[in-house]
Number of protein chains: 2
Amino acid sequence: MAKFDEEHIAAKLHELEVACHRRRLPVTVQRRVIYETLLRRSDHPTADQLYADVRRRLPGISRTTVYRVLETLVELGLAMRIPNRQAVVRYDPNTEQHHHVICVLCDRVEDLEGVPLAERPIREQAEVTGFEVLDCTMVVRGVCPDCRDDYRRRTLANSS
Amino acid sequence: MAKFDEEHIAAKLHELEVACHRRRLPVTVQRRVIYETLLRRSDHPTADQLYADVRRRLPGISRTTVYRVLETLVELGLAMRIPNRQAVVRYDPNTEQHHHVICVLCDRVEDLEGVPLAERPIREQAEVTGFEVLDCTMVVRGVCPDCRDDYRRRTLANSS
DNA sequence: GTTCGTGCAAACAATTTGCATAAGT
DNA sequence: ACTTATGCAAATTGTTTGCACGAAC
């Protein structure tokens with residue numbers, strides 16, 4: 001799995017180069033390191049979490065750059081923003097269609113793979129509104145295992 | 001339709017009173033006016049848009065109160081937050097299950113009613129991750145009619 | 001009368017912008 | 001050489017908090 005990961009990361013970094021060349025954007029160290037850092041995390045980090053992480057390899061990097069590079073990655077189709085309930089953007093390097101569960105208490109995000117979505121009816125309905133559909137994602141709100149006890153406690157307190 | 005709307009709004013305002021009593025929360029003017037204003041809009045307003053609107057009826061109201069009351073409405077189950085790509089929260093007084101299309105350019109939100117979602121497989125998959133599922137919504141990203149030309153123009157420019 | 005809400009001002013956090021400098025091509 | 005990105009500091013935006021006063025039960 002480790003070897004596969006390295007191969008996977010190398011392949012993805014190559015994709016970054018190709019995408020940059022196609023758009024005539026320079027392949028900077030920052031872009032490479034930020035993308036690689038994002039690829040190595042599976043926890044859908046926020047820009048600030050990535051900043052803290054990237055800083056260890058590039059101590060001089062600025063927070064601004066992290067924000068800017070992440071948006072560039074989104075434009076290049078190499079990352080996606082996850083819509084979440086808080087006013088913090090989270091990023092995911094997996095741009096294949098998949099869904100997310102978000103904990104309503106701690107805001108943790110988890111992937112839901114292998115749920116083929118019946119997109120057809122949604123696309124059709126969306127086109128009734130005049131929208132041109134780009135993609136659809138399921139956002140599942142829930143309570144993660146770590147917060148379950150806390151959640152039960154609160155719910156009981158409210159219904160009293 | 002107008003008469004129905006008024007009846008509908010009266011019924012919903014009554015729901016607010018019931019919900020407040022049940023939780024032993026005072027039914028304040030602000031709560032009533034903010035909820036009614038939200039009910040009369042179908043554009044999924046942000047807290048700030050509602051503030052501007054509510055101000056006309058309650059000139060002395062503070063922005064803080066609008067934010068606080070909206071969160072109370074969510075807790076009471078009378079409104080829901082819509083996850084959107086920007087760092088701005090939007091509110092919807094329709095708490096029935098329904099989905100949303102969001103314009104990637106202007107961030108406008110439209111309802112998608114009548115798309116029965118096959119929730120079963122999603123819930124099952126979510127429970128594999130250990131999450132207790134509360135609800136699931138489809139988030140469709142797309143381009144609204146007003147932004148379509150702009151979008152086509154940008155896309156062509158990028159692929160050149 | 002007691003509890004909870006409201007308004008204000010100030011704090012905060014996440015994100016964006018303008019501009020001079022430094023890299024990448 | 002030329003273009004585009006980067007780093008810094010400052011500005012902006014959306015939202016939250018502490019506290020004194022006022023309204024609802």
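We name chains A, B, ... by the order of the sequence lines, and we start the count at 1 in each one. Values below: every heavy atom of this structure, side chains too, minus hydrogens, waters and symmetry copies.
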Practice item. Calculate the interatomic distance between B:Arg31 atom CZ and C:dG5 atom P; express it in whole Å. Key: 5 Å
Point to revise | A:Thr28 side-chain N/O to C:dG24 phosphate OP1/OP2 under 4.0 Å | key: no
Practice item. For the side chain of B:Thr64, starting at C-beta, report the closest nucleotide among C:dA9, D:dA24, C:dT16. Key: C:dA9
Check your understanding: B:Leu16 has an atom CG; how far is it from atom P of C:dG5, in whole Å?
Key -> 13 Å
Practice item. Kindly say whether, by distance alone, the side chain of B:Arg68 makes a donor-acceptor pair under 3.5 Å with the base of C:dG7? Key: yes
Exercise for review: May I have the distance from B:Leu50 (atom CG) to D:dT15 (atom P), rounded to whole angstrom?
Suggested key: 11 Å
Point to revise | Candidates D:dA24, C:dG7, D:dA5 - which lies nearest the side chain of A:Pro26 | key: D:dA5
**Study point:** Residue pair B:His100 / B:Asp111, side-chain heavy-atom distance below 4.5 Å
**Key:** yes
**Study point:** Donor-acceptor pair between A:Glu71 and A:Tyr91 side chains, under 3.5 angstrom
**Key:** yes
Check your understanding: Counting only N and O atoms by type, is there a donor-acceptor contact under 3.5 Å from the side chain of B:Thr37 to the main-chain atoms of B:Val33?
Key -> yes
Check your understanding: Do the non-hydrogen side-chain atoms of B:Pro26 and B:Arg31 ever get within less than 4.5 Å of each other?
Key -> yes
Check your understanding: Separation of A:Ile34 atom CD1 from D:dA5 atom C1', in whole Å?
Key -> 11 Å
Revision key, fill the gap. On DNA chain C, more 5' by nearest nucleotide between B:Ser62 and A:Val27 is B:Ser62
Check your understanding: Hey, is the side chain of B:Gln30 poking within less than 4.0 Å of OP1 or OP2 on C:dG7, counting only N and O atoms?
Key -> yes
Review point. Taking the nucleotide of DNA chain C with the closest heavy atom to each, which residue, A:Thr46 or B:Thr72, is nearer the 5' end?
Key: B:Thr72
**Study point:** Flag side-chain contact, heavy atom, 4.5 Å: A:Glu132 against B:Cys147
**Key:** no
Point to revise | Protein-nucleotide distance (B:Arg32, atom CZ; D:dC25, atom C1'), rounded to Å | key: 14 Å
Check your understanding: Out of C:dG5, C:dG24, D:dG14, which nucleotide sits closest to the side chain of B:Tyr67?
Key -> D:dG14
Practice item. For B:Glu71 and D:dT17, give me the distance from atom CD to atom P, rounded to whole Å. Key: 11 Å
Check your understanding: Starting at the 5' end of DNA chain D and moving along, which residue's nearest nucleotide shows up first, B:Val29 or B:Ala47?
Key -> B:Ala47
Exercise for review: Return the value, rounded to whole Å, for the distance between atom CG of A:Leu25 and atom C1' of C:dA23.
Suggested key: 14 Å
Point to revise | A:Leu58 CG - C:dA22 C1' separation (whole Å) | key: 15 Å
Check your understanding: Relative to the 5' end of DNA chain D, which residue comes earlier, B:Arg63 or A:Gly60, by the nucleotide with the nearest heavy atom?
Key -> A:Gly60
